[in-house]
Amino acid sequence: MSDEKSKIKGKVVVITGASSGLGEAAARLLSVEGAKVVLGARRSERLKLLAEEMNRDGGKALAITTDVTHREQVKRLIDRAVEEFGRVDVIINNAGIMPRAPLERLTIDDWDRTIDVNIKGVLYGVAAALPHMKQQKSGHMIFVSSVAGHKIGPDFAVYAATKHAVRALAEGFRQEVKPYNIRTTIISPGAVDTELPDSVTEPDVAERIRQYYSEIAIPAESFAHAVVFAMSQPEEVDINEILFRPTRQML
Ligand SMILES: NC(=O)c1ccc[n+]([C@@H]2O[C@H](COP(=O)([O-])OP(=O)(O)OC[C@H]3O[C@@H](n4cnc5c(N)ncnc54)[C@H](OP(=O)(O)O)[C@@H]3O)[C@@H](O)[C@H]2O)c1
């Protein structure tokens, strides 16, 4: 067994937003590497099929319908993981949306949803998993930010604000959890080929982003490999930030 595989085998990993894109790719690779994966998202049927497929292939997967904007549902996701597998080693706070638009269009419902999913959803993940990790005196909290957590540009101010917020929360979390032996990783991808552009509600912006993604986006496995890299380090090594982009991406 490779060293990497031995560090992942048997770990209980909860993934929010596991029904597509980065979350799904991470779930698939972690399952192959021997992790027990607990999948959360709203699209129950897709989650169920994914879990069934992984279980058929010899993995251990559990699908729990979860809307991360409801804190009791996120608590239930983590509690079910602990009931089923006895502990929670890793949570990947990954669920997110990106309804980009210039501020002057006043897409205020989109602003609210983006904040609810991308910031409050992440906080609910922290609230649900931290008590277990404190008690275990071990754990790994993985936060999914973005290049937009480092860079700001026209038509993604709100999305960038939420992804900057994720990095701020993660860094505060990192400093606070020293007594509990908990690791903290922020992963900030550039353009990756997922369903994320479908969350853009303004048709012209959506068209522009789809065109851009079709030209440069890289496969979702790039994210899965970053997760595996962070998780496979020796216990005393904490990979705090990973920022990656398509080689062709400028911003
Ligand atoms: N793709 C990129 O280029 C890129 C770049 C940087 C950062 N990211 C970040 O990566 C993360 C994953 O996005 P993706 O690219 O994989 O896009 P995606 O394919 O659209 O996946 C988003 C996931 O989030 C879930 N989700 C959305 N709202 C939710 C809610 N209220 N409750 C629970 N789950 C919810 C979706 O599942 P349901 O609809 O089934 O609930 C889906 O599984 C996001 O945080 C995104 O901001 C992506």
Side-chain angles (χ1 to χ4, degrees), residues 13-32 37-51 53-54 61 63 65-69 91-101 110 113-114 116-119 121-122 125 142-151 153 155-156 158-160 162-163 166-167 185-203 205-230 242-251:
V13 185
V14 178
I15 306 171
T16 68
S19 59
S20 62
L22 306 187
E24 178 182 346
R28 286 182 184 281
L29 184 59
L30 289 168
S31 183
V32 168
V37 289
V38 181
L39 316 171
R42 293 165 305 173
R43 286 171 292 177
S44 312
E45 196 51 33
R46 283 178 68 150
L47 275 192
K48 196 168 128 252
L49 290 174
L50 179 60
E53 189 188 323
M54 292 192 301
T65 307
T66 309
D67 183 333
V68 297
T69 66
I91 174 169
I92 309 179
N93 284 302
N94 165 72
I97 56 171
M98 184 185 67
R100 289 171 54 162
D110 281 350
R113 283 192 310 120
T114 310
D116 286 348
V117 178
N118 295 10
I119 303 180
V122 168
I142 299 181
F143 295 85
V144 181
S145 178
S146 170
V147 164
H150 297 257
K151 304 272 183 194
D155 94 12
F156 61 95
V158 176
Y159 180 69
T162 64
K163 292 302 184 179
V166 168
R167 290 186 58 234
T185 302
I186 303 163
I187 304 183
S188 297
V192 181
D193 185 16
T194 67
E195 296 174 19
L196 197 65
D198 295 348
S199 65
V200 182
T201 55
E202 296 289 284
V205 180
E207 181 49 37
R208 192 156 31 80
I209 291 171
R210 282 211 184 84
Q211 180 61 35
Y212 176 68
Y213 269 61
S214 74
E215 285 164 12
I216 70 159
I218 52 179
E221 288 69 33
S222 55
F223 171 80
H225 288 297
V227 170
V228 167
F229 171 74
I242 298 176
L243 169 60
F244 71 94
R245 298 174 171 84
T247 309
R248 297 175 60 201
Q249 182 171 342
M250 176 67 80
L251 184 70

Side chain to side chain contact (heavy atoms under 4.5 Å, CB included) between V200 and E207: does it pass, once the steps are laid out? CA-CA 9 Å; V200 182; E207 181 49 37; over 6 Å; no
Using modelled atom types only, decide if a donor and an acceptor are shared between the side chain of N94 and the backbone of I15 within a distance under 3.5 Å. no
Has the side chain of Q249 got a donor or acceptor atom that lies under 3.5 Å from a matching backbone atom of G190? no
How long is the span from the [atom1] atom in [X] to the [atom2] atom in [Y], to the nearest 0.5 Å?
| X | Y | atom1 | atom2 | answer |
| --- | --- | --- | --- | --- |
| T16 | I91 | OG1 | CD1 | 6.0 Å |
| M98 | N118 | CE | CG | 10.0 Å |
| L29 | H225 | CG | NE2 | 5.5 Å |
| T194 | F223 | OG1 | CZ | 10.5 Å |
| L39 | R46 | CG | CZ | 12.5 Å |
| M54 | S31 | CE | OG | 5.0 Å |

Residue pair R167 / S188, side-chain heavy-atom distance below 4.5 Å: yes
Side chain proximity check, F156 to I209, heavy atoms < 4.5 angstrom: no
Contacts of R43 that satisfy side-chain hydrogen bond (donor to acceptor under 3.5 Å, both in side chains) - sequence neighbours left out: S19, S20, E195
Just jot down the side-chain hydrogen bond (donor to acceptor under 3.5 Å, both in side chains) partners of S199, sequence neighbours excluded, or say none. none
Considering all heavy atoms of both residues, which atom of [X] and which atom of [Y] are nearest to each other, and what is their separation?
| X | Y | value |
| --- | --- | --- |
| I186 | S145 | CG2-CB, 3.8 Å |
| L243 | V147 | CD1-CG2, 3.7 Å |
| I242 | A226 | CD1-O, 3.7 Å |
| E202 | A101 | CG-CB, 3.7 Å |
| A224 | A25 | CB-O, 3.6 Å |
| A27 | V37 | O-CG1, 4.1 Å |

Should I92 and L22 be marked as a side chain to side chain contact (heavy atoms under 4.5 Å, CB included) after you check the CA-CA gap, both sets of side-chain angles, and the distance that decides it? CA-CA 10 Å; I92 309 179; L22 306 187; over 6 Å; no
Would you kindly say whether Q211 and E215 are connected by a side-chain donor-acceptor distance under 3.5 Å? yes
Is there a side chain to side chain contact (heavy atoms under 4.5 Å, CB included) between V144 and N93? Walk through the geometry before answering. CA-CA 6 Å; V144 181; N93 284 302; 6.0 Å; no
[X] bridged to [Y] by N-O distance under 4.0 Å:
| X | Y | result |
| --- | --- | --- |
| D67 | R42 | no |
| R113 | D116 | no |
| R210 | D198 | yes |

Who pairs with Y159 by ring pair (Phe, Tyr, Trp, His ring centres under 6.0 Å), at least two apart in sequence or on another chain? none
